Amino acid sequence: HQRCSGQGHAVGVGGVQQGKYLKVDSLRLGNDTNFVTLGPHTMTTMDVSHLKKLFGERFSGLLGTPLWEKLPYSLDYQESQIRFYRRDAFRPPKEAVEVPLKLADGWPTVPAQINRKHDGTLLLDSGHEGGLDIGSAFSAAHRDLFSGKGESRGLTQGLGGPRADL
């Protein structure tokens, strides 16, 4: 059951997409045997066809921060799994390292330090294939990171489409 409840936009690292908001009664993540069901949710409909060009697959949509906030989870890229946990029963493994997470206007960020002397804040982007990218203002403020090292330019791709690195 879907009910239209307005229009708006979705903002991602790569840009902005316009869309319509729809209310759904439930959302089930997973397959027939392994799944988690979430209750009522508002979703945004938008054009994500450009993702097919990037990944060679058809995507039905994207999972954003409001869904990630609902349940504790772990991502295991080597095993190709995401594990969701009941909040009341979740206990992190003893060997887990807890890193502070801060939401900056809804964007998940973590404190970081490069070469044990340059403090910064990094945005978590689970779909980014580049590993670690730093902003041009940060790199300009810490030029010693690049002393004796070559630089190159490239193209990045996100929700809003391709963008040239500056």
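Treat the numbers as computed from the prediction; the structure is a model and nothing was measured.
- Remark: K117 pairs with D144 by the salt bridge (charged side-chain N to carboxylate O under 4.0 Å, His left out) rule, at least two apart or across chains.
- Two residues are said to be in side-chain contact when any heavy atoms from C-beta on lie closer than 4.5 Å; V110 and P100 fail this criterion.
- Contacts classified as salt bridge (charged side-chain N to carboxylate O under 4.0 Å, His left out) and involving residues 63-78 (residues at least two apart or in different chains) are given here: D76-R83.
- In terms of the side-chain contact (heavy atoms from CB on, under 4.5 Å) criterion, residue partners of R28 (sequence neighbours excluded) are, by chain and number, D32, F35, T37.
- The side-chain hydrogen bond (donor to acceptor under 3.5 Å, both in side chains) test applied to E79 returns no partner, not counting sequence neighbours.
- Here the straight-line distance linking atom NZ of K23 with atom OG1 of T42 works out to 5.0 Å at 0.5 Å rounding.
- Listed by chain and residue number, L29, L71, F84 satisfy the side-chain contact (heavy atoms from CB on, under 4.5 Å) test with V36 (two or more places apart in sequence, or in another chain).
- Of the inter-residue distances, the one linking L103 atom CG with L124 atom CG reads 9.5 Å to the nearest 0.5 angstrom.
- The distance from atom OG1 of T109 to atom CG of L122, rounded to the nearest 0.5 Å, is 8.5 Å.
- With sequence neighbours left out, the side-chain hydrogen bond (donor to acceptor under 3.5 Å, both in side chains) criterion links H142 to H118.
- The side-chain hydrogen bond (donor to acceptor under 3.5 Å, both in side chains) check on E98 picks up nothing, with sequence neighbours excluded.
- Partners of R86 according to the side-chain contact (heavy atoms from CB on, under 4.5 Å) rule, which considers only residues two or more places apart in sequence or in another chain, are D88, A89.
- The salt bridge (charged side-chain N to carboxylate O under 4.0 Å, His left out) search around D105 returns none, not counting sequence neighbours.
- Taking NE2 from H41 and CG from D25, the interatomic distance works out to 12.5 Å, rounded to the nearest 0.5 Å.
- Considering every non-hydrogen atom in both P108 and L101, the closest pair reads CB-CD1, 3.8 Å.
- Hydrophobic clustering, with ILVMFWY side chains joined whenever heavy atoms are under 4.5 angstrom apart, groups Y77 together with I82.
- In the hydrophobic clustering, where aliphatic and aromatic side chains (Ile, Leu, Val, Met, Phe, Trp, Tyr) are joined below 4.5 Å either directly or transitively, F90 groups with Y85.
- In this view, N31 and T33 satisfy the side-chain hydrogen bond (donor to acceptor under 3.5 Å, both in side chains) rule, not counting sequence neighbours.
- Contacts of P40 classified as side-chain contact (heavy atoms from CB on, under 4.5 Å), with partners at least two apart in sequence or in another chain: none.
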